[in-house]
Amino acid sequence: MSLDRIPLAGVIGRPIAHSKSPQLHGHWLQQMGLPGRYIPMEVAPEDLEQVLRALPRAGFVGVNITIPHKEAVLEIADLVTDRATLIGAANTLIFRADGKIHADNTDGYGFIENLKQNAPNWNPKAGPAALLGAGGAARAVISALLEAGVPEIFISNRTRARAEALHADFGRRLTVVEWVQAGNMIEEAATVVNTTSLGMVGKPELRVPLDGLRRGQLVTDLVYAPLKTPLLAAAEAAGCTTVDGLGMLLHQAVPGFERWFGKRPQVTDEARAAALA
Ligand code: NAP
């Protein structure tokens with residue numbers, strides 16, 4: 001790429017209009033006075049590989065990848081980080097100068113950094129974690145929690161087979177709990193995480209019994225629309241420490257931005273406001 005070319009990045013998904021990433025990256029570029037553009041791109045699955053191979057030639061230095069392409073992109077990338085392989089999905093691509101596509105997954109990093117920033121007293125080693133859900137996001141959260149030193153993870157999902165698959169992949173520190181027993185596992189946990197889409201605007205509500213929530217627990221929800229989900233409201237009322245899901249979205253964006261545009265951005269109140277605008 002010639003030196004005077006403005007570096008381009010963006011996010012690829014389908015649909016993509018709802019993505020908050022363009023506002024966030026646009027805010028960081030402007031705030032740091034960096035040359036660069038970040039563009040939302042709607043791409044069909046059958047066009048993904050061709051688009052990805054063409055973008056570097058148009059001046060792109062990398063892209064974020066979102067639903068429904070996060071798994072498929074692993075087949076296209078030339079290099080995949082260990083954590084993306086373990087999670088089975090990538091959300092951040094770097095187009096290297098030698099033409100190779102490098103795939104990483106920063107969702108787990110974003111999850112942990114969000115907790116560190118907004119619940120600095122959280123101790124992952126304090127006790128077991130209870131995880132609701134076993135989809136793509138759950139895989140990233142599990143790998144991050146295990147790396148952070150959580151001694152045991154109880155996992156409960158409507159479709160038990162998906163939770164069993166996670167147990168098979170991540171091993172002995174995971175215990176699968178029946179969906180109807182999810183309320184009990186919450187009671188025993190030091191850390192409680194909702195990784196289902198339940199409680200999100202337009203989705204059904206989370207019907208798991210929450211009377212086991214108590215002071216001393218850390219409760220976080222990956223759903224960030226609304227910011228205060230019914231789970232977080234119940235946790236707050238029970239005296240738990242709560243962290244909303246928007247911070248995960250902001251923090252997962254940091255490594256990509258730094259690689260593409262050369263400076264590490266900060267997750268500030270202004271960045272939060274920009275993502276919500
Ligand atoms: P996914 O792979 O489609 O998984 C969805 C999960 O929700 C599965 O565990 C699914 O259970 C469960 N679920 C959906 N409808 C249900 C219902 N009616 N009853 C019980 N369980 C239900 O999605 P994902 O990529 O993991 O994302 C999950 C959520 O996390 C989404 O809301 C997404 O927006 C959010 N997210 C947030 C961030 C962030 O940065 N904050 C990052 C990633 C994802 P089954 O297996 O039984 O279908």
Side-chain angles (χ1 to χ4, degrees), residues 11 13-21 23-25 64-73 83-84 87-92 104-115 117-118 130-145 153-167 169 174 176-183 185 192-209 219-232 242-257 267 271-272 275-276:
V11 56
R14 189 186 188 188
I16 202 63
H18 67 281
S19 173
K20 299 192 183 306
S21 297
Q23 291 110 280
L24 174 64
H25 287 268
N64 285 126
I65 297 291
T66 188
I67 290 168
H69 304 311
K70 284 169 110 171
E71 290 85 19
V73 83
R83 59 183 177 179
I87 294 164
N91 67 344
T92 305
D104 194 7
N105 192 313
T106 64
D107 276 339
Y109 164 85
F111 173 76
I112 293 290
E113 289 302 306
N114 184 32
L115 296 188
Q117 183 177 39
N118 294 300
L131 209 87
L132 299 162
R139 298 185 77 91
V141 169
I142 289 169
S143 88
L145 285 173
I153 300 176
F154 301 121
I155 175 162
S156 189
N157 193 49
R158 174 183 61 176
T159 309
R160 187 182 167 109
R162 279 182 106 182
E164 297 284 3
L166 292 181
H167 179 251
D169 287 354
L174 261 66
V176 177
V177 174
E178 277 297 328
W179 186 234
V180 290
Q181 300 290 331
M185 74 172 188
V192 178
V193 189
N194 176 39
T195 77
T196 73
S197 49
L198 298 172
M200 189 173 161
V201 176
K203 301 277 178 176
E205 54 190 281
L206 180 71
R207 288 233 172 73
V208 171
V219 181
T220 186
D221 201 327
L222 266 56
V223 171
Y224 54 80
L227 276 177
K228 192 187 282 187
T229 61
L231 168 65
L232 293 183
T242 60
V243 178
D244 70 50
L246 184 63
M248 174 176 170
L249 180 82
L250 305 181
H251 282 282
Q252 63 77 31
V254 168
F257 186 96
V267 176
R272 244 178 105 83
L276 289 173

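No hydrogens, no waters, no symmetry mates; every other heavy atom, side chains included, goes into these values. In each ligand, atom 1 is the first atom listed, and ligand 1 is the first ligand listed.
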| message | Checking side chain to side chain donor-acceptor pair (under 3.5 Å) between D221 and each of T229, T242, T195, which is the one that passes? | response | T229

| message | Are H25 and F257, when compared by the centres of their aromatic rings, separated by less than 6.0 Å? | response | yes

| Exactly which residues line ligand 1, taking a heavy atom under 4.0 Å from it as the test? | G133, A134, G135, G136, A137, N157, R158, T159, R162, W179, T195, T196, S197, L198, M200, P204, L222, V223, Y224, G245, M248, L249

| query | Which residues pass the side chain to side chain donor-acceptor pair (under 3.5 Å) test with Y224, sequence neighbours left out? | reply | none

| Got T66 and N91 here, is their nearest side-chain heavy-atom distance under 4.5 Å? | no

| query | Can you find a pair of side-chain heavy atoms, one from E164 and one from L174, that are under 4.5 Å apart? | reply | no

| said: One thing to verify: whether D244 and K228 come together as a salt bridge, which I'm taking to mean a side-chain N less than 4.0 angstrom from a carboxylate O. | reply: no

